[in-house]
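What follows is a short report on a single structure.
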Amino acid sequence: MGIEAGMGMLSRKEQHNVNKLHKRLRRLVGTAIADFNMIEPGDRVMVCLSGGKDSYVLLDILRSLQAHAAVQFELIAVNLDQKQPGFPEHVLPNYLTSVGMPFRIVEQDTYSVVKRLIPEGKTTCSLCSRLRRGVLYRVAGELGATKIALGHHRDDILETLFLNLFHGGKLKTMPPKLVSDDGRHIVIRPLAYCKEKDLAAYAEMENFPIIPCNLCGSQKNMQRQAVKEMLQQWDKKFPGRLENMFCSLQNIQPSHLLDSSLYDFHGLKTGNGPVADGDRAFDPEPFEPGMEELLNLNKG
């Protein structure tokens, strides 16, 4: 159900809240698209629709932008039916037909492959995502899609940053735009600036027919879930912390990190004047920690 279809069933206050949230999400998606040149005139964008809240909102906002933006582009929704037991095959076709959205359902039994290769109790996400990605790349080629849109949001990006820090020894995360390993496809993440809680609220307001994932969604003790809970606790205790962390991903100073492939530490020389990336260790901090945060630091 899109924003227009749901208006008749909502009170005036609820309508106002839906409109307000819709405008904010559309503004954030539009800004991300512009900042990273995600969609260009004439693009055919394949929107990967899983049946989860994020991909529903992604499709809904892109359809709204398509209707109002000066840039002309096509949208086609694609769902990969992985043959999970009990998967309600009718839900997505019925929804997409009801909103007049061109779509393709791809049937590929990756579920059996994952269950056969991954021992019980082990995390299935890595293999599942690789198999799913390979199928989607193939389908994008068949459809002539110039961009592949995924529903990852701001919180996914932050979670991936910490997963790489804690478990991969790398300072990297999900980029808003990338080229596939074979160089044939461009993947975009238009929800990069959107908070997960806003997406969840909008999906609930719009009453999208959410389909739970019985493969990854049912797993316990995943590292990503642990990081998600950590970030949620920080967000509650220290409002604004997640926003600052996300801003840091767009304000990187290689001269103050330790990667010599990104900055010429070997070639550093003294000079007769100030340098752009000099020692700022004694500069005033650009923020003031709150009293609660100071108290928690003192406890440590």
Side-chain angles (χ1 to χ4, degrees), residues 3 20-49 53-77 133 136 140 145-165 170-181 183-203 231 235 240-257 259 262-263 276-277 286-287:
I3 188 170
K20 184 178 179 181
L21 183 53
H22 176 84
K23 288 178 181 178
R24 178 159 76 248
L25 291 173
R26 194 169 71 175
R27 174 177 55 80
L28 291 171
V29 171
T31 301
I33 289 173
D35 284 352
F36 300 101
N37 194 30
M38 292 186 188
I39 297 177
E40 300 169 270
D43 268 342
R44 190 170 206 217
V45 182
M46 186 178 96
V47 184
C48 299
L49 192 65
K53 67 181 189 314
D54 305 325
S55 61
Y56 271 118
V57 178
L58 171 64
L59 179 63
D60 187 86
I61 299 298
L62 286 179
R63 290 181 68 237
S64 178
L65 288 173
Q66 182 190 39
H68 298 95
V71 174
Q72 299 297 311
F73 60 93
E74 292 182 63
L75 293 174
I76 181 167
R133 184 165 60 243
L136 292 173
T146 55
K147 303 286 172 60
I148 301 173
L150 303 179
H152 298 120
H153 44 70
R154 184 205 70 172
D155 299 68
D156 287 325
I157 292 172
L158 287 174
E159 289 164 19
T160 304
L161 172 68
F162 280 94
L163 283 169
N164 279 307
L165 281 172
K170 296 179 180 179
L171 189 61
K172 72 171 191 176
T173 187
M174 294 176 173
K177 181 180 180 182
L178 62 86
V179 177
S180 61
D181 291 341
R184 298 174 56 194
H185 305 284
I186 293 180
V187 176
I188 59 175
R189 296 183 169 99
L191 300 181
Y193 291 165
C194 300
K195 301 177 184 178
E196 182 176 17
K197 58 187 177 184
D198 284 347
L199 301 177
Y202 185 74
L231 294 179
D235 196 31
R241 175 177 285 190
L242 299 192
E243 284 74 12
N244 284 336
M245 289 192 301
F246 191 80
C247 285
S248 73
L249 295 176
Q250 299 172 289
N251 187 22
I252 297 170
Q253 298 182 20
S255 64
H256 283 56
L257 295 174
D259 191 336
L262 296 180
Y263 189 79
D277 296 316
F287 65 90

Under 3.5 Å donor-acceptor pairs involving side-chain atoms of residues 30-37, not counting sequence neighbours:
unit_1	atom_1	unit_2	atom_2	d
T31	OG1	R27	O	2.8
D35	OD2	Y193	OH	2.7

For residues 184-191, dump all side-chain donor-acceptor pairs below 3.5 Å to protein atoms at least two apart in sequence or in another chain.
unit_1	atom_1	unit_2	atom_2	d
H185	NE2	Y137	O	3.3
R189	NE	H152	ND1	2.8
R189	NH1	P175	O	2.7

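Minimum heavy-atom separation, V45 to A149: CG1-CB, 3.8 Å. Between E196 and D155, the shortest heavy-atom distance links the atoms N-OD1, 2.9 Å. The shortest heavy-atom contact between S64 and H22 is OG-NE2, 3.3 Å. Smallest separation of non-hydrogen atoms from D156 and M174: CB-SD, 4.1 Å. In terms of heavy-atom proximity, K53 sits nearest to A203 at CB-CB, 3.8 Å. Contact detail for R44 and I76: the closest heavy-atom pair is NH2-CD1, 4.1 Å.
L59 CG to D54 CG: the interatomic distance, rounded to the nearest 0.5 Å, is 13.0 Å. To the nearest 0.5 Å, atom CD1 of residue I61 and atom CG of residue L199 are 8.5 Å apart. Rounded to the nearest 0.5 Å, atoms NE2 (H153) and CG (L25) are 11.5 Å apart. Atom CG of residue L231 and atom CD of residue E159 lie 6.0 Å apart, to the nearest 0.5 angstrom. Note that the CD atom of Q253 and the CG atom of L262 stand 13.5 Å from one another [nearest 0.5 Å]. Distance NZ/K23 to CG/L28: 14.5 Å, rounded to 0.5 Å.
For D43, the side-chain hydrogen bond (donor to acceptor under 3.5 Å, both in side chains) partners at least two apart in sequence or on another chain are T146, K147. Remark: N251 pairs with no residue by the side-chain hydrogen bond (donor to acceptor under 3.5 Å, both in side chains) rule, at least two apart or across chains. For the ring-ring contact (aromatic ring centres under 6.0 Å, His included) test, no residue two or more places apart in sequence or in another chain qualifies with F73. Taking D198 as the reference, R24 meet the salt bridge (charged side-chain N to carboxylate O under 4.0 Å, His left out) condition, with sequence neighbours excluded. Evaluation of the salt bridge (charged side-chain N to carboxylate O under 4.0 Å, His left out) rule for E243 yields R154, K195 as partners, not counting sequence neighbours. Residues passing the side chain to side chain contact (heavy atoms under 4.5 Å, CB included) test with T173 are I157, T160, L161, L249, sequence neighbours excluded. Qualifying side chain to side chain contact (heavy atoms under 4.5 Å, CB included) partners for K172, counting only residues two or more places apart in sequence or in other chains: N164, K170. For D235, the salt bridge (charged side-chain N to carboxylate O under 4.0 Å, His left out) partners at least two apart in sequence or on another chain are K197. Residues that satisfy the side chain to side chain contact (heavy atoms under 4.5 Å, CB included) test with A201, not counting sequence neighbours, are L21. With sequence neighbours excluded, no residue forms a salt bridge (charged side-chain N to carboxylate O under 4.0 Å, His left out) with K177.
At least one side-chain heavy atom of C48 sits under 4.5 Å from a side-chain heavy atom of I148. With contacts defined as side-chain heavy-atom distances shorter than 4.5 Å, the pair P254/D259 does not qualify.
No more than 12 heavy atoms of other residues, nucleotides or ligands sit less than 6.0 Å from atom CG of L171.
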Side chain to side chain contact (heavy atoms under 4.5 Å, CB included) between S55 and V47, worked out: CA-CA 8 Å; S55 61; V47 184; 6.0 Å; no

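No donor-acceptor pair closer than 3.5 Å links the side chain of N244 to the backbone N or O of R241.
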